[in-house]
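These notes concern the structure reproduced below.
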Amino acid sequence: AADFVARAAARVADGGLAVCALDTELLGHWWHEGVTWLAAVVEEAGRAGLALTGLDDALERHEPAPAPALPVTSWGTPRDLETWSGPAVADLAWAAREAELRLLSDGHEPTPTALRELLHLQASDWTFLETRDLAGPYPRERAAAHRARLEEALTGADDPSACRHVAPHLSG
């Protein structure tokens with residue numbers, strides 16, 4: 001963490017902004033120490049006097065520089081993002097987007113259950129597993145179940161215990 005903060009501080013020594021973009025699924029899921037590392041980075045940044053800010057706040061204070069041309073990439077192959085939204089899984093990607101729009105168009109504050117189910121529905125695991133044919137019908141079944149529970153939550157049948165295995169500390 002100290003080396004990471006020192007490199008970030010060096011990048012912004014003459015002003016400007018350094019952005020640290022992380023795949024949040026990485027933290028704690030694939031990299032179990034990731035949450036601890038991030039906490040150490042935040043603590044070390046405070047000790048080093050390196051100001052941290054949210055991206056929205058940073059964009060209000062800094063003019064974005066033109067982005068360098070980067071190749072389309074993904075940790076999936078063939079580096080064209082088809083893992084997440086290609087023809088084999090386009091229906092899953094569109095269903096997740098439609099569910100998001102449904103939740104947002106409701107006009108009410110979404111319940112915690114509805115938000116959790118949307119996040120589970122949007123998880124890239126379903127499309128990854130389906131694209132790679134790694135789990136038979138499981139990814140589509142899970143996506144359909146999350147979509148159904150989201151719809152239940154949006155229609156007033158909000159049962160937080162339905163998520164007890166996902167987030168036991170949030171259930172009664």
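Note that the structure is a prediction, hence the values are computed from the model and not measured.
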* Asked: Please walk me through it: do R61 and T53 pass side-chain contact (heavy atoms from CB on, under 4.5 Å)?
  -> CA-CA 11 Å; R61 295 190 310 271; T53 187; 3.4 Å; yes

Note: A143 and L92 closest approach over all heavy atoms is CB-CD2, 3.8 Å

*So, R147 side chain and A95 main chain: donor-acceptor pair closer than 3.5 Å or not?*
yes

Value for CG (L55) from CD (E60), rounded to nearest 0.5 Å, stands at 10.5 Å

Heavy-atom closest pair (A2 atom, E44 atom, distance to 0.1 Å) is CA-CG, 3.8 Å

query: Where does the angle between the aromatic ring planes of W37 and F4 fall among parallel (under 30°), tilted (30 to 60°) and perpendicular (over 60°)?
result: perpendicular

| task | Without swapping roles, check the side chain of S85 against the backbone of E82 for a donor-acceptor pair under 3.5 Å. | result | no

Any side-chain heavy-atom pair from F128 and L134 closer than 4.5 angstrom?
yes

From the list T111, L150, L121, side-chain contact (heavy atoms from CB on, under 4.5 Å) with L103 holds only for L150

Tightest non-hydrogen contact, residues T131 and T83, listed as OG1-O, 3.0 Å

When every non-hydrogen atom of V12 is compared with those of A18, the smallest separation belongs to CG1-N, 3.4 Å

- Charged N to carboxylate O under 4.0 angstrom, R102 versus E98? no

In E141, E151, E117, the residue satisfying side-chain hydrogen bond (donor to acceptor under 3.5 Å, both in side chains) with H146 is E117

### Query
Are L101 and L154 joined in one hydrophobic group, where the rule is that I, L, V, M, F, W and Y side chains link up if heavy atoms are under 4.5 Å apart?
no

Scanning both residues in full, the closest heavy-atom pair of V41 with V5 reads O-CG2, 3.6 Å

Is the backbone N or O of A93 less than 3.5 Å from a side-chain atom of W126, with the two atoms forming a donor-acceptor pair by type?
no

When every non-hydrogen atom of Q122 is compared with those of A96, the smallest separation belongs to CG-CB, 4.1 Å

>> Between D91 and R140, does any side-chain N to carboxylate O distance fall below 4.0 Å?
In response: yes

Taking everything shown except D56 itself, do over 12 heavy atoms lie less than 6.0 Å from its CG? no

